[in-house]
Amino acid sequence: MEQRTEWLPPAPPATNPPLPEGPPNGSPFEERKTLGKRLGGIGVALVALLAKLKFFLLLLPKIKLLTTSASMLVSIAAYSLIFGWKFAVGFVLLLLVHEMGHVFQLRREGIEASAPLFIPFLGAVVGAKSLGDNALAEARVGLAGPILGSIGAAVVAGIYLLTGNVFWEALAFTGFFLNLFNLIPVSPFDGGRAMAAMAPWMWFVGLAALVVMVVLFPNPFIFLFLLLGFFDVRRRWKQRKAGGPEQEAYYRVRPRDRLLVGLVYVGLAVALFVAMDATHVVRTFADA
């Protein structure tokens, strides 16, 4: 049987496959490229963060103002639960006027003072490294708050006289009472600051007055004021008894200045008593 073989043309020469346009997945080149992108993204993020940080540093002087505003809003919200929002706003503004009196006088004494920080149901505080170089400066700082605060309450009383609206009368009465209460002659009240220059022994009279108030009007806040006053008076009295050149220089006040502080203190207290009597709102059960 005849066997046939079929002739086939030779296969074309093999050619190399085309190279891919980019490196295969997972190659070191791609990893370096991805890492570069990530580093670039991190760099952009850092630049943006630094820009924001610079913006924050420029806003830093305004942070205290933001803190004051926030604490004011919190206090307004707290007082609104008792007095209603309108009266709460007026009361907090009267507190602000009072505290700004301390701020202005501290700066006049050459002492840097912070903006007021409000604490619901406890009032407000102003931060400062000291209250002055001597007891007379401390007295001026202490009395500046009630003086400016009383002027603010008098403005509210003037609005009542113009409008006849009893709301303003009640708010003025509260403002006068607030400033009179701060004249209690015991530290850390403003009256205690004045006594530092006039008659430090009056601190003990102020403590006794607070004890009477705690007994007659049991209140946790008055009790807290009593504790604060007790520890502060004890500290101050120990420093005075220890003596020394610094203590003697601090409490050395000329008789004329001591008399002037006394006149301002007593005159302001009497004026506030009269103002409270003039703006006292008599309420009955029918008004509730």
Would you check if L106 and E112 make a side-chain contact, meaning some heavy-atom pair closer than 4.5 Å?
no
Measure the shortest side-chain to side-chain distance between S150 and L272 over non-hydrogen atoms and say whether it is less than 4.5 angstrom.
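Counting from C-beta outward, S150 and L272 do come under 4.5 Å.
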Rounded to the nearest 0.5 Å, what separates atom CG in D257 from atom CZ in R252?
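Separation between the atoms: 13.0 Å.
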F181 CZ to T174 OG1 distance, which is reported to the nearest 0.5 Å:
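OG1 of T174 is found 13.5 Å from CZ of F181.
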Indicate the ring-plane relationship of F121 and Y79, choosing parallel, tilted or perpendicular according to the 30° and 60° boundaries.
perpendicular
Classify the angle between the aromatic ring planes of W237 and W203 as parallel (below 30°), tilted (30 to 60°) or perpendicular (above 60°).
perpendicular
For side chain to side chain contact (heavy atoms under 4.5 Å, CB included), just list the numbers for V141 and I111, CA-CA rounded to whole Å, side-chain angles, deciding distance to a tenth of an Å, and then say yes or no.
CA-CA 11 Å; V141 171; I111 302 170; 5.7 Å; no
For a side-chain contact (heavy atoms from CB on, under 4.5 Å) with H98, tell me which candidate from L148, N182, I151 qualifies.
N182
Kindly work out whether a path of hydrophobic side-chain contacts (I/L/V/M/F/W/Y, heavy atoms less than 4.5 Å apart) joins F87 to L73.
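No, F87 and L73 fall in different hydrophobic clusters.
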Shared hydrophobic cluster, V233 / F231 (ILVMFWY, side-chain heavy atoms < 4.5 Å):
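Yes, it is one cluster - the side chains of V233 and F231 are joined through contacts under 4.5 Å.
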Measure centre to centre between the rings of F273 and F176, then say whether the value is under 6.0 Å.
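Not close enough - the centres of the two rings lie 6.0 Å or further apart.
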Does atom CZ of F217 have more than 12 heavy-atom neighbours from other groups under 6.0 Å away?
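No, because the 6.0 Å sphere around CZ of F217 holds 12 heavy atoms or fewer from other groups.
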More than 12 foreign heavy atoms under 6.0 Å from CG of D133: is that the case here?
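Counting other residues, nucleotides and ligands, CG of D133 stays at 12 neighbours or fewer.
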Partners meeting side-chain contact (heavy atoms from CB on, under 4.5 Å) with V266 (sequence neighbours left out):
V270
Excluding sequence neighbours, so at least two apart, what forms side-chain hydrogen bond (donor to acceptor under 3.5 Å, both in side chains) with D232?
S187, R235, R236
Please list all pairs meeting salt bridge (charged side-chain N to carboxylate O under 4.0 Å, His left out) that have one or both residues in residues 190-211, counting only residues at least two apart or in different chains.
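Residue pairs passing salt bridge (charged side-chain N to carboxylate O under 4.0 Å, His left out), neighbours aside: E138-R193.
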